[in-house]
**Q** 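Mind having a look at this structure? Questions to follow.
Fair warning: this is a prediction, and the values are worked out from it, not measured in the lab.
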Amino acid sequence: MRIIVTIKDIAQTVGVSSATVSRVLNYDETLSVGNETKKKIFEVAEELNYKKHHRKQRVGKRTVRFVQWFNNQEELDDIYYLSIRLGIEKRAEEAGITLIKEPFNELSTKEMDGTIVLGKFDEQQIQRLGLLKGPLLFVDFDAMALGYDSIVVDFFQSVEMVLQEFQNKGHQKIGILSGQEYTKESNKLLEDARLTAFKQQLKAVGAYHQEFVLQAEFSVEAGYETMKKFIETTKELPTALFAASDALAIGALRALQEASIQVPQGIELIGFNDVSVAKYVSPALTTVKVHTEWMGELAVDTVKELIENPAPVPRKITIGTELIYRTSTK
């Protein structure tokens, strides 16, 4: 039986009011609440909405280093990485693995059985990580060409699914709000694989419109500001918009609503990730679901396997996605 998680459930678990939970999940900028409370609300929302695969506790004596590129504030701006982190932490606990968290700029020389790296890093940082003892696994970053095992999302298939959905409904003016990310030390702009796939697939059928391509950093506020400026300056809006993250989609949704542009009547909107927040905004967000917590669990299982059975060559594990239909599309 499927369990429906409500805002009241989250509020009771955290110990705050339902109104506070609703405003946090909708990224209400006028709400005065501390980051620790926000963090707890997001974590509980993810945990309660996650379909837990119960596994018997296993006894282990492994120690795994966990390096992630996002700090606590950045996790709150876009909770995609928060969700993956929760999956890593849960599976490590289940497997009896001691997880040692180390920021990249505070890497220790302590020898551990293996290392899980979550996020994006430049080549110099990867070289430094490569000096660590034991197997090295990158999550949400393709480092296989550099000789390291990686777990990544199949962005091409995901974008193809979104575009087919829009095209099947007759949309010819399809836009994208893609994400901008930078490496921490060299500040190198990272390519958004969703944008690359979007351009490639629409150009192949003669349906690409450069004027409908928007870019913003991966946060609600950046999505809002970028969409607001676009609405104010453009002569024509796309009839369908794909956002590269749910955070961007939620920001865009706010800007559209402020401009009295109805979703989905005036423009259909699809996000990416299906973080728990997606179902609580209004209208609820149709989105590409990445099984982020399972992705985190898979990372722990994979590094454990690499520790116990070293592989002769690196491998890349590609994670599929699915489209979750809600009311931001017709």
**Q** Walk me through it: do Tyr325 and Glu165 pass the test side-chain hydrogen bond (donor to acceptor under 3.5 Å, both in side chains)?
**A** CA-CA 10 Å; Tyr325 295 91; Glu165 172 67 18; 3.0 Å; yes
**Q** Please check: side-chain N/O of Ser150 versus main-chain N/O of Ala143, any donor-acceptor pairing under 3.5 Å?
**A** yes
**Q** Under 3.5 Å, is there a donor-acceptor pair between the side chain of Gln125 and the main chain of Asp122?
**A**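 Indeed, once roles are kept as given, a pair shorter than 3.5 Å links the two residues.
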**Q** Which pair of heavy atoms, one from Lys169 and one from Lys330, lies closest together, and at what distance?
**A** NZ-O, 2.7 Å
**Q** Show the nearest heavy-atom pair for residues Val153 and Asp140, with the distance to one decimal.
**A** CG2-OD1, 4.3 Å
**Q** If the plane angle is over 60° it's perpendicular, under 30° parallel, otherwise tilted; pick one for His291 and Trp294.
**A**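 Aromatic pair His291/Trp294 classed perpendicular.
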**Q** Which is it for Leu323 and Ile270 under the side-chain contact (heavy atoms from CB on, under 4.5 Å) test, yes or no, and what are the steps along the way?
**A** CA-CA 9 Å; Leu323 192 58; Ile270 294 179; 4.1 Å; yes
**Q** Specify whether Tyr81 and Trp69 have parallel, tilted or perpendicular ring planes, treating 30° as the upper limit for parallel and 60° as the lower limit for perpendicular.
**A** perpendicular
**Q** Given the rule that I, L, V, M, F, W and Y join up when any side-chain heavy atoms are under 4.5 Å apart, are Leu190 and Phe155 in one cluster?
**A** yes
**Q** Output yes when a side-chain donor or acceptor of Ser17 lies under 3.5 Å from a complementary backbone atom of Thr20, and no otherwise.
**A** yes
**Q** Going by an N to O cut-off under 4.0 Å, is there a salt bridge joining Lys101 and Glu89?
**A**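 Here Lys101 pairs with Glu89 in a salt bridge, since their nearest N and O are under 4.0 Å apart.
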**Q** Should Ile79 and Val14 be regarded as members of a common hydrophobic cluster, given that ILVMFWY residues are connected when their side-chain heavy atoms come within less than 4.5 Å of each other, either directly or indirectly?
**A**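 Ile79 and Val14: one cluster.
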**Q** On the ring face of Phe242, is Arg194 found with NZ or CZ under 6.0 Å from the centre and within 45° of the axis?
**A**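 Relative to the ring axis of Phe242, which defines the angle, Arg194 lies outside at least one limit.
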**Q** Please tell me if the side chains of Ile267 and Ile261 come closer than 4.5 Å, counting only heavy atoms from C-beta onward.
**A** yes
**Q** At what distance, to the nearest 0.5 angstrom, does CD1 of Ile317 lie from CD1 of Ile151?
**A**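 Ile317 CD1 to Ile151 CD1: 4.5 Å, rounded to 0.5 Å.
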**Q** May I ask you to check whether Thr196 and Glu191 show a side-chain donor-acceptor distance below 3.5 Å?
**A** yes
**Q** Report, as yes or no, whether the 6.0 Å neighbourhood of atom CD on Gln124 holds more than 12 heavy atoms from other residues, nucleotides or ligands.
**A** no
**Q** List the atom of Arg85, the atom of Phe66, and the distance in Å for their closest heavy-atom pair.
**A**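 Here Arg85 and Phe66 meet closest at CG-CE2, 3.9 Å.
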**Q** Yes or no on side-chain hydrogen bond (donor to acceptor under 3.5 Å, both in side chains) for Glu102 and Ser108, after CA distance, side-chain angles and deciding distance?
**A** CA-CA 8 Å; Glu102 293 186 351; Ser108 72; 2.5 Å; yes
**Q** Can you see which heavy atom on Phe230 is nearest to which on Pro238, and at what distance?
**A** CE2-CD, 3.9 Å
**Q** For atom CD of Gln265, decide whether the heavy atoms of other residues, nucleotides or ligands shown that lie under 6.0 angstrom number more than 12.
**A**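 Yes, the 6.0 Å shell around CD holds more than 12 heavy atoms from other groups.
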**Q** Test your reading of the model: is there a side-chain donor-acceptor pair from Gln257 to the backbone of Val263, 3.5 Å cut-off?
**A**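 It does not hold such a pair.
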**Q** Check step by step if side-chain contact (heavy atoms from CB on, under 4.5 Å) holds for Asp301 and Glu94.
**A** CA-CA 11 Å; Asp301 292 343; Glu94 290 174 353; over 6 Å; no
**Q** If you look at every heavy atom in Phe121 and Ile126, which pair is closest and at what distance?
**A** O-CD1, 3.7 Å
**Q** With Asp142, which of Arg315, Lys316, Lys120 fulfils salt bridge (charged side-chain N to carboxylate O under 4.0 Å, His left out)?
**A**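 The passing option is Lys316.
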**Q** In terms of side-chain heavy atoms, does Asn273 have a donor or acceptor partner in Ser245 at a distance below 3.5 Å?
**A**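 The answer is no; no qualifying pair exists.
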**Q** Quick one: does any side-chain atom of Ser328 pair with a main-chain N or O of Pro283 as donor and acceptor, under 3.5 Å?
**A**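 No, the answer is negative, given that no donor and acceptor are paired below the 3.5 Å cut-off.
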**Q** Could you go through Tyr208 and Gln200, starting from their C-alpha distance and side-chain angles, then the distance that decides it, and tell me whether this counts as side-chain hydrogen bond (donor to acceptor under 3.5 Å, both in side chains)?
**A** CA-CA 9 Å; Tyr208 177 70; Gln200 180 181 339; over 6 Å; no
**Q** CD of Glu211: more than 12 outside heavy atoms within 6.0 angstrom?
**A**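 Counting other residues, nucleotides and ligands, CD of Glu211 exceeds 12 neighbours.
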**Q** Can you tell whether the side chains of Lys289 and Asp246 come within less than 4.0 Å, N to carboxylate O?
**A**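 Answer for the salt bridge query: no.
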**Q** State whether the number of non-hydrogen atoms from other residues, nucleotides or ligands found under 6.0 Å of Gln172 atom CD is greater than 12.
**A** no
**Q** Are Phe138 and Met144 linked, directly or through other ILVMFWY residues, by side chains that come within less than 4.5 angstrom of each other?
**A**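 They do not share one cluster, since no chain of ILVMFWY contacts under 4.5 Å joins Phe138 to Met144.
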**Q** Using a 3.5 Å distance criterion without hydrogens, assess whether the side chain of Ser22 forms a donor-acceptor pair with backbone atoms of Ser18.
**A**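 Here the side-chain-to-backbone pair does not exist.
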**Q** Can Lys304 and Glu308 be counted as an ion pair, charged N to O under 4.0 angstrom?
**A** yes
**Q** When clusters are formed by joining ILVMFWY residues with side-chain heavy atoms under 4.5 Å apart, either directly or through shared neighbours, do Phe141 and Tyr182 land in the same one?
**A** no
**Q** Salt bridge (Lys or Arg N to Asp or Glu O under 4.0 Å), that's the test. Do Lys188 and Glu123 meet it? Break it down for me.
**A** CA-CA 10 Å; Lys188 178 183 176 182; Glu123 288 192 19; 5.4 Å; no
**Q** Is there a donor-acceptor contact under 3.5 Å from the side chain of Ser158 to the main chain of Thr321?
**A**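 Checked: no pair found.
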**Q** Which heavy atom of Thr287 sits nearest to which heavy atom of Gly271, and what is that distance?
**A** OG1-C, 3.1 Å
**Q** Go through the steps to decide whether Asp113 and Thr63 satisfy the test side-chain hydrogen bond (donor to acceptor under 3.5 Å, both in side chains), and finish with yes or no.
**A** CA-CA 6 Å; Asp113 295 299; Thr63 301; 4.5 Å; no
**Q** Looking at Arg326 and Leu285, would you say the former's side chain and the latter's main chain have a donor-acceptor pair under 3.5 Å?
**A**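 It does hold such a pair.
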**Q** Is there a path of hydrophobic side-chain contacts, each under 4.5 Å between heavy atoms of I/L/V/M/F/W/Y residues, joining Val139 to Leu99?
**A**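 Yes, Leu99 connects to Val139 through the hydrophobic network.
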**Q** Going through the distances and angles, do Gln180 and Phe218 end up as a side-chain contact (heavy atoms from CB on, under 4.5 Å)?
**A** CA-CA 6 Å; Gln180 293 177 315; Phe218 281 103; over 6 Å; no
**Q** When you check the gap from the basic side-chain N to the acidic O, do Lys90 and Glu297 get nearer than 4.0 Å?
**A** no
**Q** Does Ile88 form a side-chain contact (heavy atoms from CB on, under 4.5 Å) with Ile116? I'd like the steps, not just the answer.
**A** CA-CA 9 Å; Ile88 290 172; Ile116 296 173; 4.1 Å; yes
